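Okay, structure first, notes after.
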Amino acid sequence: MNALKIRRTAVAVAAAAVLPFTLAACSDSGDTKAAPTAAADDQAKTATGTPSDGAAMTGDKPFGAACAGVPKEGAGSFDGMAKDPVATAASNNPALSTLVAAVKQAGLVDTLNNAKDITVFAPTNDAFAKIPKADLDKVLADKEQLTKILTYHVVGQKLTPQQLENGSFETLQKGMVTTSGSGEAYKVNDTSNVVCGNVKTANANVYIVDTVLMPK
């Protein structure tokens, strides 16, 4: 009888000793199988989600060599300009100071700021510098002529880069501008290059150009 009790006790002790190792082995086996599944899920997400999202975002950003000159932060940065209506946004961009002065001279600040969904082809300071000073001073002194020139740079709809590939658009001056190009290279009226395009403001898409457009 005592021998039987001793034998049963020994079996129970042995089973108790072996059981934790058995459970641990099962647990380790389960973790090993789960890890590749999680890694595979992460690879699948990377392959199907992130790159496509990034590619979609890239097409809606400003482009062009002159974009490097835009302030990285503050009111004149791309993020800052996106919060303000177009005339105010332009006033915070150092490269557009001559244009802003002309807009103020023509009394068009409120007109541009209050307009909805427009496109502005904005000449840089260097674009205005191409005009002989005597001629530029004459235009700036003639409010009617200045208004015609400035409103010729404005289209009454927001234009995407794709629309510029082969486009013809009526301006607020009632004349027509033509656009051509692809990728990150576009021309307006075959003479003015877009040097920083697809810049967003609160009410407009802006394409900064290197030559002042003259009404035909």
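In this text the structure is predicted, and so the values were computed from the model without any measurement.
Listed by first then second residue, pairs satisfying ring pair (Phe, Tyr, Trp, His ring centres under 6.0 Å) with a partner in residues 129-155 number zero, not counting sequence neighbours. Screening residues 185-216 for disulfide (SG to SG under 2.5 Å), with sequence neighbours left out, gives C67-C196. Here ring pair (Phe, Tyr, Trp, His ring centres under 6.0 Å) pairs that include residues 60-97, with residues two or more places apart or in two chains, are F63-Y186. Sorted by first then second residue, the side-chain hydrogen bond (donor to acceptor under 3.5 Å, both in side chains) pairs that include residues 62-84, not counting sequence neighbours, number zero. For residues 72-117, there are no disulfide (SG to SG under 2.5 Å) pairs, not counting sequence neighbours.
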Tell me, with the steps shown, if D60 and N198 meet side-chain contact (heavy atoms from CB on, under 4.5 Å).
CA-CA 7 Å; D60 201 38; N198 207 29; 3.9 Å; yes

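Open room surrounds NZ on K104; 12 or fewer heavy atoms of other groups in view lie less than 6.0 Å from it.
At least one donor-acceptor pair under 3.5 Å links the side chain of N205 to the backbone N or O of L159.
A search for side-chain hydrogen bond (donor to acceptor under 3.5 Å, both in side chains) contacts involving S97 returns N125, not counting sequence neighbours. For D142, the side chain to side chain contact (heavy atoms under 4.5 Å, CB included) test picks out E144, Q145, with sequence neighbours left out. With sequence neighbours excluded, no residue satisfies ring-ring contact (aromatic ring centres under 6.0 Å, His included) with F128. Looking at residues two or more places apart in sequence or on another chain, you find no salt bridge (charged side-chain N to carboxylate O under 4.0 Å, His left out) involving K216. When the side-chain hydrogen bond (donor to acceptor under 3.5 Å, both in side chains) test is applied to K148, no partner is found at least two apart in sequence or on another chain. Residues satisfying the side-chain hydrogen bond (donor to acceptor under 3.5 Å, both in side chains) test with T211, not counting sequence neighbours, are K130.
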Let me check something: any side-chain donor-acceptor pairs from residues 105-113 under 3.5 Å, sequence neighbours excluded? List them with distances.
unit_1: Q105; atom_1: NE2; unit_2: L140; atom_2: O; d: 3.4
unit_1: N113; atom_1: OD1; unit_2: A87; atom_2: N; d: 2.9
unit_1: N113; atom_1: OD1; unit_2: T88; atom_2: N; d: 3.3
unit_1: N113; atom_1: ND2; unit_2: T88; atom_2: OG1; d: 3.1

